[in-house]
Amino acid sequence: MNSRDRFLSALACQPLDRPPLWVMRQAGRYLPEYRALKARSSFVHMVQTPALAAEVTLQPLHRFPGLDAAILFSDILVIPEALGQSYAFRDGGGIEMASKIATRADIDALNPVAAVTDKLAYVSDTLKLLKKELGDTKTLLGFGGSPWTLATYMVEGGSSDDFEHIKLLFYTDRATFDALLEKLTDALIIYFQMQIVAGADAIQIFDSWGGLIAGPDYEAASLKWIRRIIAALPADFPIILYAKGTAPHLTDQAFSGVRAISVDWTNDLAIVRRTLPANVAVQGNLDPVLMQTTPEIVAREATRLLDSMRGTAGHIFNLGHGITPQARIECMQALVDTVTTWK
Ligand code: CP3
């Protein structure tokens, strides 16, 4: 069975001898070949240049041919950027946006249709290059941020510890909050439609900061908008939802129209599998810190997770969040070897 068939079967919750494997931030600073390219071009330049973005996307697959999916090399922040807020990385880590969304007038001025169609054609070009290269052998994953997660960067002006401004907006001026989320939802619908046309086999929505809003407000702040995006896309197209720190909401997420839920490492994946509807796949969920230990520890923990899922259908193996820059190549190799040879 080839990688793409394995992946699509897992998404369809069909029984398999072993789960397909990929990791979030699959291309990234833990790979010397990525660091070598980045020494010559900026991150944004690599993202915006289809030949370079495609090359970076494929780097992990060249090094680890056992991986079953390629994820587009890009960033969730290309949407705010196309809407007029460029981003940069802070020296000490984290994101700095060039400006902040502060007023209703700032939001009314955003033009989602023009932003995506005029400014993000390079994403479509990159996906087409990748589809041509991969054909039907590997799964090609597109992605984007959730409206809530993107709104946090746009209103906070970058990474934040407390998410104070976006929460204040949510609690004090719901109409303005909704206006922003609606613009982002519109942008993401067109953006994902573009990715589907360009050849993506599935799309992952990153609601990375969904766990930061108060539990009873998760629906109004985040899940409602995700549901709206999924409803606007072709009914049979698979969407994977990743959200960190949202364990109390897994069931609601499973009924949002997604094909798979990607869960963070704090969950016991076997319990999640037993709890969620059998037609929704689960993805995850090793703690990314394990990739900084030793190959023996990675093999032990990956086997423990695989064994805990034995006999279940609908599992895509992944980490519970993105691989870190400190991850060791030997550990990634041990993960690929363990998952692909597991019996
Ligand atoms: O998974 C993949 O391999 C696809 C590429 C991808 C990147 N970012 C590349 C990247 C994906 C899917 C993302 C998503 C993303 N970007 C998210 C959601 C996923 C998550 O991890 O929760 C978020 C919150 C962002 C915003 C962002 N971009 C952050 C917080 C950072 C790290 C900044 C820092 O100081 O470490 C980035 C940078 C980034 N995006 C890198 C990569 C490979 C590292 C860039 C570098 O230094 O070379």
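Quick caveat, the model's predicted, so the values are computed rather than measured. The chain is numbered in sequence order, starting from 1. Both ligands and their constituent atoms are indexed starting at 1 by order of listing.
- From the protein, the heavy atom lying nearest to atom 6 (C) of ligand 1 is Ser74 O, 3.4 Å.
- Salt-bridge check for Arg6 with Asp17: passed, with a basic side-chain N closer than 4.0 Å to an acidic carboxylate O.
- Distance from atom 11 (C) of ligand 1 to its nearest protein heavy atom, with residue and atom name: Phe143 CZ, 3.5 Å.
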* Asp264 and Lys244: CA distance, side-chain angles, deciding distance, salt bridge (charged side-chain N to carboxylate O under 4.0 Å, His left out) verdict -> CA-CA 6 Å; Asp264 73 39; Lys244 188 157 153 267; over 6 Å; no
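- By the 4.0 Å N-to-carboxylate-O rule, Asp5 lies too far from Lys138 to be salt-bridged with it.
- The single protein non-hydrogen atom nearest to atom 21 (O) of ligand 1 is His321 NE2, 3.1 Å, given as residue, atom name and distance.
- Contacts between Met24 and ligand 1 below 4.0 angstrom, taking non-hydrogen atoms only, involve the backbone exclusively.
- Judged purely by distance below 3.5 Å, without hydrogens or angles, the side chains of Ser160 and Asp162 pair a donor atom with an acceptor atom.
- Under 4.0 Å is where a charged nitrogen must lie from a carboxylate oxygen, and between Glu33 and Arg63 at least one such pair does.
- Under 4.0 angstrom from ligand 1, there are no non-hydrogen atoms of Ser159.
- Under the 6.0 Å cut-off for aromatic ring centres, Phe317 and His315 qualify, their centroids lying closer than that.
- Heavy atoms of Arg29 found under 4.0 angstrom from ligand 1 belong exclusively to the side chain.
- Remark: ligand 1 atoms within the under-4.0 Å shell around heavy atoms of Ala27 are 3 (O), 43 (C).
- The protein heavy-atom contact nearest to atom 47 (O) of ligand 1 is Lys38 NZ, 2.9 Å.
- Annotation for ligand 1: atoms under 4.0 Å from non-hydrogen atoms of Phe206 are 12 (C), 18 (C), 19 (C).
- For the side chain to side chain donor-acceptor pair (under 3.5 Å) test with Ser262, the passing option among Gln283, Gln253, His321 is Gln283; the others fail.
- Side-chain contact of Thr139 with Asp201: a donor-acceptor pair under 3.5 Å is absent, judged by distance alone.
- Between the side chains of Tyr218 and Asp252, no donor-acceptor pair of N or O atoms lies under 3.5 Å.
- Taking the six-membered ring wherever Trp is involved, the centroid distance between the rings of Phe143 and Phe206 falls below 6.0 Å.
- At a 3.5 angstrom cut-off on N or O pairs, Trp209 does not count as close to ligand 1.
- One option in Tyr153, Phe89, Phe73, Tyr87 has a heavy atom closer to atom 30 (C) of ligand 1 than any other, and that option is Tyr153.
- With a 4.0 Å cut-off on non-hydrogen atoms, Arg90 does not touch ligand 1 at all.
- Side chains of Thr152 and Thr149: no donor on one and acceptor on the other come within 3.5 Å.
- Which parts of ligand 1 touch Gly93 is read off a 4.0 Å heavy-atom cut-off, strictly below it: atoms 35 (O).
- Listed by atom number, the atoms of ligand 1 under 4.0 Å from Leu72 heavy atoms are 4 (C), 5 (C).
- Protein heavy atom nearest atom 35 (O) of ligand 1, with residue, atom name and distance: Gly94 N, 2.7 Å.
- A salt bridge links Glu96 with Arg90: the closest approach of a Lys/Arg side-chain nitrogen to an acidic carboxylate oxygen falls below 4.0 angstrom.
- Scanning the protein for heavy atoms near atom 41 (C) of ligand 1, the closest one is Phe43 CE1, 3.7 Å.
- Distances below 4.0 Å separate heavy atoms of Tyr34 from the following atoms of ligand 1: 43 (C), 45 (C), 46 (C), 48 (O).
- The closest protein non-hydrogen atom to atom 1 (O) of ligand 1 is Arg25 N, 2.5 Å.
- Nearest protein neighbour of atom 18 (C) of ligand 1, counting heavy atoms only, is Ser208 OG, 3.1 Å.
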